[in-house]
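Since we're looking at a predicted model, the values are computed, not measured.
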Amino acid sequence: GNLLKRPYSWEPICSSQAYPRWLSGTAHMDSGAIATRIAMNEKHVAEKFNAPTNQCTIFWPVLIKDFVRVGFGASIGMFCPLRAYFARAGCKLVVSKSTASHWKGINFAPFWNEELPDTTFHARWTHQ
């Protein structure tokens, strides 16, 4: 009997109830507030991704296998806010055509701003 009972901590976190806000600890967000917050964040991210990126260029040679090697979940957990920071700072990410093909081949959405031919990318990566 007790072996099949799920611990309380396994209960779903999604519901129609209000959610506590992360920062204040006293207010709550209902589903409408959550939808509004998500839409606002999506708008800000889209603005940053479409903004001119002339402050810095980051060459990104990392493949999925590199993320898996060091722990995929932790890597993605680190990469998502890092990518948002790059966009916020006005940096563009550049990948090689083969790296782009690799990511797209696994059906991951493109996160970069520019693709370079492999030879150009590797020459810049090696001699930068």
Side-chain angles (χ1 to χ4, degrees):
N2 285 345
L3 292 176
L4 298 178
K5 187 176 179 184
R6 295 184 311 173
Y8 175 74
S9 62
W10 288 11
E11 294 301 315
I13 61 170
C14 296
S15 71
S16 60
Q17 302 299 315
Y19 295 86
R21 285 189 190 246
W22 288 16
L23 298 178
S24 71
T26 57
H28 295 281
M29 294 179 82
D30 62 15
S31 59
I34 292 169
T36 300
R37 187 67 164 278
I38 289 171
M40 181 181 68
N41 288 342
E42 286 177 347
K43 178 182 178 240
H44 289 298
V45 169
E47 288 171 356
K48 291 301 176 185
F49 273 88
N50 294 326
T53 55
N54 56 7
Q55 291 188 3
C56 70
T57 301
I58 299 167
F59 286 79
W60 190 264
V62 181
L63 302 173
I64 298 293
K65 67 180 181 178
D66 301 314
F67 275 52
V68 171
R69 183 177 43 82
V70 297
F72 185 76
S75 297
I76 289 294
M78 176 273 314
F79 179 70
C80 293
L82 181 64
R83 178 61 185 109
Y85 172 78
F86 291 157
R88 174 75 174 95
C91 298
K92 69 177 181 179
L93 277 170
V94 177
V95 300
S96 68
K97 294 274 186 189
S98 62
T99 297
S101 176
H102 175 77
W103 280 82
K104 291 177 192 174
I106 301 175
N107 291 324
F108 277 34
F111 58 84
W112 52 88
N113 304 91
E114 184 179 345
E115 295 176 21
L116 291 177
D118 288 356
T119 53
T120 305
F121 180 89
H122 293 294
R124 295 277 310 271
W125 175 256
T126 307
H127 300 293
Q128 198 169 20

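- Ring geometry, F59 versus F121: the interplanar angle falls from 30° to 60°, so the pair is classed tilted.
- Scanning both residues, R83 and F111, for their nearest heavy atoms gives NE-O, 2.6 Å.
- Rounding to the nearest 0.5 Å places CG of L63 at 8.0 Å from CH2 of W103.
- For OH of Y85, the number of neighbouring non-hydrogen atoms (other residues, nucleotides, ligands) closer than 6.0 Å is 12 at most.
- Not counting sequence neighbours, the partners of S75 by the side-chain contact (heavy atoms from CB on, under 4.5 Å) test are F67, V70.
- Residues meeting the salt bridge (charged side-chain N to carboxylate O under 4.0 Å, His left out) test with D66, sequence neighbours left out: R69.
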- Message: Using side chain to side chain contact (heavy atoms under 4.5 Å, CB included), reason through F86 and W112 one step at a time and then give a plain yes or no.
- Response: CA-CA 10 Å; F86 291 157; W112 52 88; over 6 Å; no

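- Going from atom CD1 of I106 over to atom NZ of K65 covers 10.5 Å, rounded to the nearest 0.5 Å.
- Between the CG atom of L93 and the CD atom of E114 there is a distance of 10.5 Å, given to the nearest 0.5 Å.
- Atom NZ of K97 is separated from atom OG1 of T120 by 10.0 Å, given to the nearest 0.5 angstrom.
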- Show your reasoning for whether side-chain hydrogen bond (donor to acceptor under 3.5 Å, both in side chains) applies to S96 and T99. CA-CA 5 Å; S96 68; T99 297; 2.9 Å; yes

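- Taking every heavy atom of both residues into account, C91 and I58 meet most closely at CB-CD1, 3.9 Å.
- The two residues F108 and I64 have their closest heavy-atom pair at CE2-CD1, 3.6 Å.
- Summarising the geometry of V95 relative to A100, their closest heavy-atom pair is CG2-CB, 3.9 Å, with the distance given to 0.1 Å.
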